[in-house]
Asker: 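Shown below is the structure under consideration.
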Amino acid sequence: MKKRLCILLGFVMLVVFSYAQVSAETMLPNDVQASDAQIISTLVISDPETGEVWEWILPETDVNTTISIPINSGALGFGTLSADFEEITCTITTNIDISDYLNETLASTAISTTLYDDINITTGLTYSANYSTNTVSIYSVFGSTPPQGYYYASNRRVVWRNPGAGLVGEFFPYSDAWSYSTNSAAGSYHSELPPYSFLSCRINILDMTAYRDVSVICQLFL
């Protein structure tokens, strides 16, 4: 009797486990997936002294974009993306190594190639997208400009915008890393006016007068 009870209990647990796995994978509509979100990043570098400007739309190979989804525990201990299965909350981070681009703009200067370093700048935002109401909310913007080798950043400026909600904000970070809360009111999403985060800064070279102004805009497309 005990053996039959154990076998029956094991079978029930296997069925529950399998059902919970399927439910966790299919709770969102087929056309609503976190991976649908895309970031289009544009890098602009300028020389304030000469007025020369370089601009690139960054390929995916040059942009490290991560999308993380907070997991809430379900009744059976398995994750759900949201309570109503229609809204997801994500954090998107674009980390760009601008060293190759920067060195292109410094080719005409007397800078030794020994000063070549990886120079990473990061910008990102936390948002939620409600696919039933076609709205987006932005909860925070963050980023970093860590010093690397001979290079360091100054004159940082951060701008975020949620056009559908008529919201825009501006910050001037003093530190190498930052995170700011934003107005999270929901606004209609329009692909022609996507939400974005914008970072601009001045990249300086230690003990040298050469510098470049750098900006990155990361636009969110759903």
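These figures come from a predicted structure and were not determined experimentally.
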Asker: If you define the side chain from C-beta out and look only at heavy atoms, does anything of Leu58 sit under 4.5 Å from Thr42?
Answerer: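 When only atoms from C-beta onward are counted, Thr42 and Leu58 do not touch, as no gap falls below 4.5 Å.
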Asker: Is it true that atom CG of Leu206 has more than 12 heavy atoms of other residues, nucleotides or ligands lying nearer than 6.0 Å?
Answerer: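 Yes.
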Asker: Nearest heavy-atom pair of Tyr180 and Pro173: which atoms, and what distance?
Answerer: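 In terms of heavy atoms, the two residues are closest at OH-CA, 3.4 Å.
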Asker: Please list, chain by chain and in numerical order, all residues satisfying side chain to side chain donor-acceptor pair (under 3.5 Å) with Ser46, sequence neighbours excluded.
Answerer: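 Testing Ser46 for side chain to side chain donor-acceptor pair (under 3.5 Å), a comparison that skips the adjacent residues, returns none.
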Asker: Check the pair Asn204, Tyr151 against side chain to side chain contact (heavy atoms under 4.5 Å, CB included), reporting the backbone distance first and the verdict last.
Answerer: CA-CA 6 Å; Asn204 306 276; Tyr151 299 94; over 6 Å; no
Asker: Please, which pairs that meet side-chain hydrogen bond (donor to acceptor under 3.5 Å, both in side chains) have at least one residue in residues 155-167, sequence neighbours excluded?
Answerer: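 Every side-chain hydrogen bond (donor to acceptor under 3.5 Å, both in side chains) pair that includes a residue of residues 155-167, provided the two are not neighbours, is Thr145-Arg156, Arg156-Asp176, Arg157-Glu170.
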Asker: Are Val141 and Trp178 side-chain neighbours, meaning at least one heavy-atom pair lies under 4.5 Å?
Answerer: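 No, their side chains stay 4.5 Å or more apart.
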Asker: Applying side-chain hydrogen bond (donor to acceptor under 3.5 Å, both in side chains) as the test, list every pair that has at least one member in residues 213-222; sequence neighbours left out.
Answerer: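 Sorted pair list: Arg202-Asp213.
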Asker: Other members of the hydrophobic cluster containing Val159, with the 4.5 Å side-chain heavy-atom rule, please.
Answerer: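 Members other than Val159 - counting any ILVMFWY side chain reachable under 4.5 Å - are Val168, Tyr196, Phe198, Ile217.
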Asker: Are Ile96 and Val216 packed together at the side-chain level, in the sense that at least one heavy-atom pair is separated by less than 4.5 angstrom?
Answerer: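 Yes, at least one pair of side-chain atoms sits under 4.5 Å.
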Asker: Output the distance between atom CD (Glu52) and atom CZ (Arg212), rounded to the nearest 0.5 Å.
Answerer: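 Glu52 CD to Arg212 CZ: 7.5 Å, rounded to 0.5 Å.
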Asker: Have Tyr127 and Ser137 got a donor and an acceptor in their side chains that come within less than 3.5 Å?
Answerer: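 The answer is no; no qualifying pair exists.
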Asker: Determine whether Tyr189 and Leu220 make a side-chain contact, defined as any pair of heavy atoms from C-beta on separated by less than 4.5 Å.
Answerer: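 Tyr189 does not reach Leu220 side chain to side chain.
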Asker: Run the side chain to side chain contact (heavy atoms under 4.5 Å, CB included) test against Ala185 and tell me which residues pass, sequence neighbours left out.
Answerer: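 So Ala185 forms a side chain to side chain contact (heavy atoms under 4.5 Å, CB included) with Leu167, Asn183.
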Asker: For Ser179, check side chain to side chain donor-acceptor pair (under 3.5 Å) against everything at least two apart and list the hits.
Answerer: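 Result, side chain to side chain donor-acceptor pair (under 3.5 Å) vs Ser179: none returned.
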Asker: Holding to ring-ring contact (aromatic ring centres under 6.0 Å, His included), I want the full list of residues that pass it with Tyr101, two or more places apart in sequence or in another chain.
Answerer: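 Expected list: Trp56.
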Asker: Test of understanding: with side chain to side chain donor-acceptor pair (under 3.5 Å), list the residues that count as partners of Glu55, not counting sequence neighbours.
Answerer: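 Expected list: none.
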Asker: Does any pair with a residue in residues 126-139 pass salt bridge (Lys or Arg N to Asp or Glu O under 4.0 Å), and if so which ones, sequence neighbours excluded?
Answerer: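 Every pair satisfying salt bridge (Lys or Arg N to Asp or Glu O under 4.0 Å) with a residue in residues 126-139: there are none.
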Asker: Determine whether Leu43 and Ser41 satisfy the following criterion, side chain to side chain contact (heavy atoms under 4.5 Å, CB included), listing intermediate values before the conclusion.
Answerer: CA-CA 7 Å; Leu43 171 68; Ser41 299; over 6 Å; no
Asker: Does the side chain of Phe172 come within less than 4.5 Å of Val158's, by heavy atoms?
Answerer: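 No, their side chains stay 4.5 Å or more apart.
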Asker: For Ser128 and Tyr139: C-alpha separation, side-chain torsions, deciding distance, then whether side chain to side chain contact (heavy atoms under 4.5 Å, CB included) applies.
Answerer: CA-CA 8 Å; Ser128 68; Tyr139 297 97; 3.1 Å; yes
Asker: Pick out which of Leu199, Ile119, Thr105, Ile98 makes a side chain to side chain contact (heavy atoms under 4.5 Å, CB included) with Val214.
Answerer: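 Passing option: Ile98.
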Asker: So, using side chain to side chain contact (heavy atoms under 4.5 Å, CB included) as the criterion, who are the partners of Ser175 when residues are at least two apart?
Answerer: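 With neighbours one apart ignored, the set is empty.
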Asker: Can you list the residues that meet the side chain to side chain contact (heavy atoms under 4.5 Å, CB included) rule with Glu49, with sequence neighbours excluded?
Answerer: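 Expected list: Asp47, Tyr211.
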Asker: Which residues satisfy the side chain to side chain contact (heavy atoms under 4.5 Å, CB included) test with Ser140, sequence neighbours excluded?
Answerer: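 Counting only residues at least two positions away or on another chain, Ser140 forms a side chain to side chain contact (heavy atoms under 4.5 Å, CB included) with Thr126, Phe142.
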Asker: Less than 4.5 Å apart, side chain to side chain, heavy atoms only: is that true for Ile92 and Leu125?
Answerer: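 A side-chain contact exists here, since the closest heavy-atom pair is under 4.5 Å.
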Asker: Starting at CD1 of Ile138, measure out to OG of Ser184 and round the result to the nearest 0.5 Å.
Answerer: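 Going from the CD1 atom of Ile138 to the OG atom of Ser184 covers 10.0 Å.
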Asker: Any side-chain heavy atom of Val53 sitting closer than 4.5 Å to one from Val44?
Answerer: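 Of all side-chain heavy-atom pairs linking Val44 with Val53, at least one is under 4.5 Å.
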Asker: Between Ser191 and Phe221, what is the shortest heavy-atom contact and its length?
Answerer: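 The answer is O-CE2, 3.4 Å.
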Asker: Flag yes if Tyr174 and Tyr152 sit in one hydrophobic cluster, no otherwise; membership is Ile, Leu, Val, Met, Phe, Trp, Tyr, and two members link when side-chain heavy atoms are under 4.5 Å apart.
Answerer: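 No, because Tyr174 and Tyr152 fall into different hydrophobic clusters, even though each may have its own neighbours under 4.5 Å.
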Asker: Is the closest side-chain donor-acceptor distance between Thr135 and Asn130 under 3.5 Å?
Answerer: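 There is no such pair (donor and acceptor under 3.5 Å, judged by atom type) between the side chains of Thr135 and Asn130.
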